[in-house]
Amino acid sequence: MIEILTIGLNTFREAIRSKVLYLILFFMVLMIGSSFFLETLALDGGDRLIKNLGLSTISFFGLLVAMFIGVNLIPQEVESKTIYTIVSQGVQRWQFVLGKFLGLILTVYVNIALMTVMLLGILLYYFATTDMIEGVTFFWMIKAIFMELLAMLIVVAVAILFSSFSTPILSAVMTGCVYIIGQMTNDFWDYIRLQSEKQGTEIYCAFLKVIYYLCPHLDMLNLKKQVVHFEELGAAAASFPYGAGAFHAITYTAVILFIACLAFSKRDF
Amino acid sequence: MAVLKTENLTKIFKKGWKEAKVALDGLSIEVQEGEIFGFLGPNGAGKTTTIKILLRLLKPTSGRAEILDKDLATAPTRLRVGYMPENPYFYRFLTGEEFLQFYAKLNHIPSNQRKKRIDELIETVGMNHARNVRIRDYSKGMVQRIGLAQALMHDPKLVLLDEPLSGLDPIGRKEIRDLVYALKEQGRTIFFCSHILSDVQDICDRVAILHLGKLLKLGSLSELLGTEKDRVEVELKMPEGTTKESLGIQGDFHNGIFKTMLDNTEQANQFLDQWKSKGAVVRALIPQRKSLEELFVETIRAQDPKVALET
Amino acid sequence: MKPKFVLLAIVLLALYLVGQKLAWDSQRYDYVNNYMNRYTSAKMRKVLTAGHDALLADLAMIRGIQFYGMNYPLFDKKPTMYNQFKSLADATIDMDPRHFEAYRFWGFAMTSAQRGKVDAYRFLMAGAHRMAATDEVFTIIQPNMWEVAKDAAYVAEYELQKATKEWGCDAYTFAEKARDCPEFLHRLKVLACRDVDPDPIPALQELATRANQSGNVAIWQLNLDHMRRIISEEHKRFWDAASQAYYEIHGASPTRIEQLTKNVGILKKAVQEYQKVSSEWAEGGVGQLYPNMVNPLPEKKGKLEFRIAQIPELPEDPYGGEYLILDLQGKPSLVGTGINELERESFLEPINQTLKEYQKDHNGECPEDLDAFSQEYNLRLPVADGFGYPLLLDYGKCEFYFPPVSEENPPPLPPYGEEKKTADEEIDLTLMEDDSADSSPASATDEVKAGTADSDG
Ligand SMILES: Nc1ncnc2c1ncn2[C@@H]1O[C@H](COP(=O)(O)OP(=O)(O)OP(=O)(O)O)[C@@H](O)[C@H]1O
Ligand SMILES: [Mg+2]
């Protein structure tokens, strides 16, 4: 446990001292900040734009950190040969992988916390200037961000998994693909249903279903639309599968990390 | 007692479908407790590969490797061996001290002792002046030193050093050599990889010479070098009119001065007697001990005459 | 430099330029637009956004507003521009089918093109239907859907000039499905369905409010233009009525403005008033008969001031009511358009009929609890009439009625009633305030209850 924590904190320290993180953070802060100005370009729905842009930015931030920092973590350690010394000093390989995951997710969370404060600040200012305090909006924003945090678990774990056995570029591409596919599994399911209504598509559909079940369901954790349309969603929003989504995120992450540990333990350097 | 043992260790790297690279070919060595073991070989001999297998970073294709009496095929990865990799560059964003802190934590060194231990190590490797500088800004030799400190953090019984002297200045070399010697005095076993032979020559108790994955020679320095101890180098000023052909043996002949190597003292005496009578003057008579370097070149030449070696 | 090198450089440069030219030629053909239109389905576009569809809809809309601001004068001249604009609209609502602002923006913006007016109506109605669609996720009709449907009705009434008579009525009827649908829309619906000319005031007020609320110049301009069109429509009616009056007197149509101002007594003062206003606002202070009721040269993004007419003495008029013209200062006075009376009847007729049914079902009893009554018969009880008089129930006759219109007894509610807080200090009446007063359920029941108590005593 101390090993995981030590490696995690070290990874966090490495990440927050890297320029890439600040570059990403800078652009994300710029994006959230720009919602403030874009709001004047949009119609009266400025509040809507702030919400959309803020939540999308948070989601993107996690993806970018996973894609640009996360996939490099393990290859970097191999290159700088620190992994050799760490392993020779009695740290198990799975501890190393979990430590890396912990460090990265910590980095992502700390930065998301910063962005959340900024986002809510902007919303508050917007409401204050337009005389329309809506407490329920904040409630929904917090809920959506919380679900986003769960989604980040999956994205970061996937980045760690790929980087534990392949090159950074390939891992980044794969992580991006998983993110995109994960966001549209719902539509994907519709597609499979349409296909299965046709004749002679059993094998194809079976294949598609395998892919469907392998993919993470990030759209189960995507509350962006609910935040914008919470008013008319009413009961449906309350019955959004929060529990199932959280359960899925945690179990999926656990499985991915398990595979990552396994792959990393089997790996030759 | 052997602290490190390999038996028939073979490693074949697969490249693509058909090509394969034999990095280690039936290597069997044994390192005894408390000795400094020199592991020699030219570039690409398989030294680093051997160390990686010993640390379980690589799986051997066949054969056995044991370290601290544990069979690596079944033992857990928890090894607790000090290891200093070749050409490391570590966590560049950390300062030297933070870097050691990290290893101290990994090794469960209690927080009240951490500071003391780190101070000690920094003192040992002579890095006191740069403890708060980021590793990014270190010179190559400084990185080597901090790497060595890291390898000693948990007070290991066995220390594997992969080319610890490369990149160091002459003073640094001497310091590290002294340090390695001191480690031995403390009762540690040292496995020392290098191709800088003169360094090894002075401190190693035993050496193994490896080429293209095969073990060529293994033994103590006196075993390997001792048999050919009494060679003599002779330098004579020859009388006028002597030609190279008339000398009858190989050697340098230049401006009337002849220089040659004779295999033993008897030969030398004979040769001197023969030429002194003809009026030659002895300029120098030097007993020669074969250097490790020559042994190395010779051994490898014998194995593979075409190989180009830079010594 | 070696000549070979120079030659090579020249050849490369030439090749580069040819390549650029080819690229440019093909770029002029709008790939993006065609791609959007032909090669992707709505579903596809949504999938490609990877869960950020709502954000992309917002960004597409901002792009749409920019595009509108730069190109709208060209919509009629260059059909492709209009097509691009419309396809952007379609793409936006594909990504967020309930994007309220997008419907309202594109709905009005499309009317800038002559050929876009029918499109606009259809677009808005489609939007209203989508916002009213329910499925397992969206369980209720979007509460602000009425605004979209109402815009469709405006388009039908003002832009399409009632070319298809049912459209306005249809749109208003659909708007009533929304929870937040305000009172004044019921009035407009009744008028539209009876094919009576609508009262333009609520529409104008609302557009002015919207223009004032937006910080965006394009949106401001869009609303202003729409107001101008509504006003010119009113002017036309004014001219038609005046011509008819002139015809009745002289047996011939007027050919010049002066003929009207000199001879038609009832219009004389009104026309003078118009000219006074327009000379103040128009460039150079020249009076016109058809001034823009909205300042034609307002500061960009300045506040649009909207004032209700002070009526000159009007002995008679063809509609039995009074005309709306501009007032330079002062607060609104108790005036109707002649339509309000009609409207009162149209309100009372259906509810009194339902009341009869109720009596039949309940042994001739009059309902005690009006809430229960309206719920049982799925009826919407209006809070007030077009003047602002509350709906009352006469228990003796068991009949709903509105109090008689008189200066001594002014209406207690907006639009012509005193508003509790701001009637004096604020000249421009914003529709929003009217709405909140009109549609707040608590005040509605209170008023009706109070009315019943009155008639009991
Ligand atoms: N991961 C690998 N994949 C393929 N071949 C490898 C790999 N690692 C090492 N080799 C090959 O194995 C051989 C031995 O390499 P190794 O690194 O052990 O040499 P070395 O003795 O450490 O040389 P040097 O003195 O240059 O460090 C080399 O020919 C190298 O090409
Ligand atoms: Mg090596």
Side-chain angles (χ1 to χ4, degrees), chain A residues 1-23 68-69 72-100 102-104 106-107 164-165 261-269, chain B residues 11 13-14 48-49 51-61 67 76-95 98-111 134-136 143 146-156 158-160 162:
Chain A
M1 203 55 217
I2 291 179
E3 287 92 345
I4 298 177
L5 216 65
T6 309
I7 293 171
L9 287 176
N10 194 49
T11 307
F12 175 66
R13 179 148 42 174
E14 176 178 8
I16 59 170
R17 285 185 190 179
S18 83
K19 291 200 183 85
V20 183
L21 181 78
Y22 290 105
L23 202 68
F68 288 103
I69 297 179
N72 275 322
L73 288 179
I74 290 179
Q76 233 167 39
E77 297 255 350
V78 174
E79 197 162 309
S80 69
K81 307 210 167 81
T82 38
I83 175 77
Y84 304 165
T85 58
I86 291 173
V87 169
S88 74
Q89 298 198 357
V91 175
Q92 308 272 339
R93 290 199 193 180
W94 61 266
Q95 290 176 327
F96 181 76
V97 173
L98 292 189
K100 286 280 143 188
L102 184 73
L104 189 55
L106 198 66
T107 313
S164 71
F165 63 80
C261 290
L262 215 63
F264 195 67
S265 305
K266 292 267 175 287
R267 181 179 163 177
D268 272 356
F269 292 103
Chain B
K11 176 73 194 177
F13 288 109
K14 289 245 156 51
T48 305
T49 307
I51 292 191
K52 282 188 182 174
I53 292 174
L54 288 171
L55 289 170
R56 306 206 55 198
L57 293 164
L58 282 179
K59 275 180 282 303
T61 311
I67 196 162
T77 12
R78 198 167 276 271
L79 287 172
R80 303 240 168 227
V81 176
Y83 170 53
M84 182 187 147
E86 59 179 338
N87 307 326
Y89 53 88
F90 299 132
Y91 297 115
R92 303 199 230 180
F93 58 95
L94 293 182
T95 66
E98 284 170 337
F99 178 71
L100 293 181
Q101 282 268 0
F102 172 65
Y103 283 92
K105 277 188 211 155
L106 278 190
N107 281 299
H108 302 262
I109 293 177
S111 51
R134 288 204 188 175
I135 293 184
R136 187 169 53 196
V143 176
I146 207 83
L148 194 57
Q150 157 278 126
L152 301 176
M153 175 61 71
H154 51 305
D155 205 3
L158 174 63
V159 185
L160 306 176
D162 200 346

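The shown structure was predicted, so the numbers you read here are calculated from the model rather than taken from an experiment. Chain identifiers are assigned alphabetically (A, B, ...) following the order of the sequence lines, protein sequences preceding nucleic acid strands; residue numbering begins at 1 within each chain. What's counted below: heavy atoms across the whole structure, side chains too, no hydrogens, waters or symmetry copies.
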Out of M84(B), Q101(B), R134(B), M153(B), which one racks up the most heavy-atom pairs below 4.5 Å with chain A? R134(B)
Top contributor to chain B interface from N10(A), T6(A), I83(A), L5(A) [non-hydrogen pairs under 4.5 Å]: N10(A)
Flag the one option from E14(A), Q76(A), K81(A) with the top tally of heavy-atom pairs under 4.5 Å to chain B. E14(A)
State whether the number of non-hydrogen atoms from other residues, nucleotides or ligands found under 6.0 Å of K266(A) atom NZ is greater than 12. no
Flag the pair Y83(B) / V159(B) as yes when at least one side-chain heavy-atom distance between them is below 4.5 Å, and no otherwise. no
Salt bridge between K11(B) and D268(A), side-chain N to carboxylate O under 4.0 Å? yes
Region of K59(B) that comes under 4.5 Å of a non-hydrogen atom in chain A: both
Part of L94(B) within contact of chain A (heavy atom distance under 4.5 Å): both
Given the rule in the side-chain contact (heavy atoms from CB on, under 4.5 Å) test, do E77(A) and I7(A) qualify, once you have shown the distances and angles that lead to the verdict? CA-CA 11 Å; E77(A) 297 255 350; I7(A) 293 171; 5.8 Å; no
Under 3.5 Å, side chain of Y91(B) to main-chain N/O of R136(B), donor-acceptor pair present? no
Among I51(B), L57(B), N87(B), which residue has the highest count of heavy-atom pairs closer than 4.5 Å to chain A? L57(B)
Heavy-atom proximity to chain B below 4.5 Å, by part of R13(A): both
Do Y103(B) and T82(A) have side-chain heavy atoms sitting under 4.5 Å apart? yes
